[in-house]
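Order of the sequence lines fixes the chain letters, A, B, ..., with proteins taken first and strands second; residue numbering starts at 1 for each chain. Basis for what follows: all heavy atoms, side chains included, without hydrogens, waters or symmetry-related copies. None of the values given here were measured: they were computed from a predicted structure.
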Protein chains: 2
Amino acid sequence: MKIAEASRRFDLSADTLRYYERVGLIPTVNRTASGIREYSEEDCRWIGFIKCMRAAGLPIEVLIEYVSLFQKGDETTEARKALLVGQRDLLEARMVDMQGTLGRLNQKIERYEQLVVPAENDLK
Amino acid sequence: MKIAEASRRFDLSADTLRYYERVGLIPTVNRTASGIREYSEEDCRWIGFIKCMRAAGLPIEVLIEYVSLFQKGDETTEARKALLVGQRDLLEARMVDMQGTLGRLNQKIERYEQLVVPAENDLK
DNA sequence: CTATCACCTGGACCTGACTCCAAGTCAAGT
DNA sequence: ACTTGACTTGGAGTCAGGTCCAGGTGATAG
């Protein structure tokens with residue numbers, strides 16, 4: 001699959017896919033004889049994984065570190081696991097925070113409803 | 001309360017507090033005769049609110065819009081409510097996404113555990 | 001055989017959200 | 001009177017994370 005199709009499939013611009021590869025967010029993609037990127041299914045799994053992690057807010061730097069560990073082979077499994085555990089814990093913490101914000105937002109919205117509904121009743 | 005104390009209280013740098021005021025993320029803070037900011041309790045409530053919303057990822061632009069509507073008075077309550085509802089829905093959507101990512105992360109971590117535990121047993 | 005089209009590279013540019021700095025003012029302590 | 005320290009402003013700089021562009025190459029259609 002060439003870059004245009006990968007771009008459609010993951011809804012990421014071709015520029016972004018090239019950028020991800022350039023900075024090491026996904027492993028190097030193989031090329032055809034004339035230098036065109038040919039995305040394999042494994043490449044696609046990486047893209048999917050990275051897109052998902054980025055959407056949840058994991059920093060690029062950390063993901064680059066993960067890919068780099070991955071490419072160093074089996075001696076790095078412990079380090080990779082530790083990295084994932086760390087990021088999971090951060091993610092959970094952020095979700096707790098967001099839950100709090102959500103509650104606060106809902107309270108504020110309720111207070112607006114108590115203001116707006118009586119105003120609407122006045123019109124009747 | 002002067003800027004240094006507000007800074008300590010909210011764990012935001014003085015520069016950030018001035019920046020927030022400058023761009024309209026919090027309403028204008030009153031000054032002493034010699035031009036020093038004097039944060040009132042209401043100012044503090046704004047700062048707390050904004051800090052909470054920013055931590056959950058609401059964009060500055062949207063929050064500026066909210067403050068601006070607030071300052072236009074009672075005719076804008078509907079618009080303010082709509083803004084909050086919109087942001088709440090976005091927040092909920094992001095949390096659903098993050099929940100998915102969390103699951104994926106946990107699966108990956110589990111697979112690392114199945115690799116690492118047998119390796120540890122070998123050492124016995 | 002040439003025009004088109006998708007692709008390539010390197011590097012400049014952009015946005016969001018701060019962060020830092022120089023130069024100046026003011027109040028309080030010695 | 002002078003030094004110190006917290007404050008002020010305007011403007012430049014920084015960082016993450018892309019995004020855009022000019023100039024070039026290679027395959028394919030007419």
> Roughly how many Å is it from CD1 in A:Ile3 to P in D:dA27, rounded to a whole number?
Replying inline: 18 Å
>> Return the CZ to OG1 distance between A:Arg37 and A:Thr28, rounded to the nearest 0.5 Å.
In response: 9.5 Å
> Earliest and latest nucleotide of DNA chain C, 5' to 3', sitting under 4.0 Å from a non-hydrogen atom of chain B?
Replying inline: C:dA17 to C:dA27
>> For B:Phe10, is there any backbone N or O sitting under 3.5 Å from a side-chain donor or acceptor partner on B:Lys51?
In response: yes
>> Exactly one of B:Leu63, B:Val29, B:Ile47, B:Ile50 should register a side chain to side chain contact (heavy atoms under 4.5 Å, CB included) with B:Tyr20. Which one does?
In response: B:Ile50
>> So if I take the C1' atoms of five pairs at each end of the helix from C:dC1-D:dG30 to C:dT30-D:dA1 and get each local axis, what angle do the two axes make, rounded to 10 degrees?
In response: 20°
> In terms of ring plane angle, is the pair B:Trp46 and B:Phe49 parallel, tilted or perpendicular, where the classes change at 30° and 60°?
Replying inline: perpendicular
>> For DNA chain D, which residues of residues 34-63 of chain B approach it to below 4.0 angstrom with any heavy atom?
In response: B:Gly35, B:Ile36, B:Arg37
>> Please report the interatomic distance CZ(A:Arg80) to CG(A:Asp74), rounded to the nearest 0.5 Å.
In response: 7.0 Å
> What pairs with A:Asn106 under side-chain contact (heavy atoms from CB on, under 4.5 Å), at least two apart in sequence or on another chain?
Replying inline: A:Leu102, A:Ile109, B:Arg88
>> Between A:Asp97 and A:Arg94 (side chain of the first, backbone of the second, donor and acceptor by atom type, cut-off under 3.5 Å), is there such a pair?
In response: no
>> For DNA chain C, which residues of residues 14-33 of chain A approach it to below 4.0 angstrom with any heavy atom?
In response: A:Arg18, A:Arg31
> Are the side chain of A:Glu38 and the backbone N or O of A:Met1 linked by a donor-acceptor pair below 3.5 Å?
Replying inline: yes
>> Restricting to side-chain contact (heavy atoms from CB on, under 4.5 Å), what partner residues turn up for B:Ser13, sequence neighbours left out?
In response: B:Asp15, B:Thr16
>> Tell me whether A:Asn30 at atom CG has more than 12 heavy atoms from other residues, nucleotides or ligands lying less than 6.0 Å away.
In response: no
>> Taking A:Leu58's backbone N and O only, do any of them form a donor-acceptor pair with A:Gln87's side chain (distance below 3.5 Å, no angle check)?
In response: no
> Is it true that B:Glu41 and B:Arg9 have a side-chain N and a carboxylate O under 4.0 angstrom from each other?
Replying inline: yes
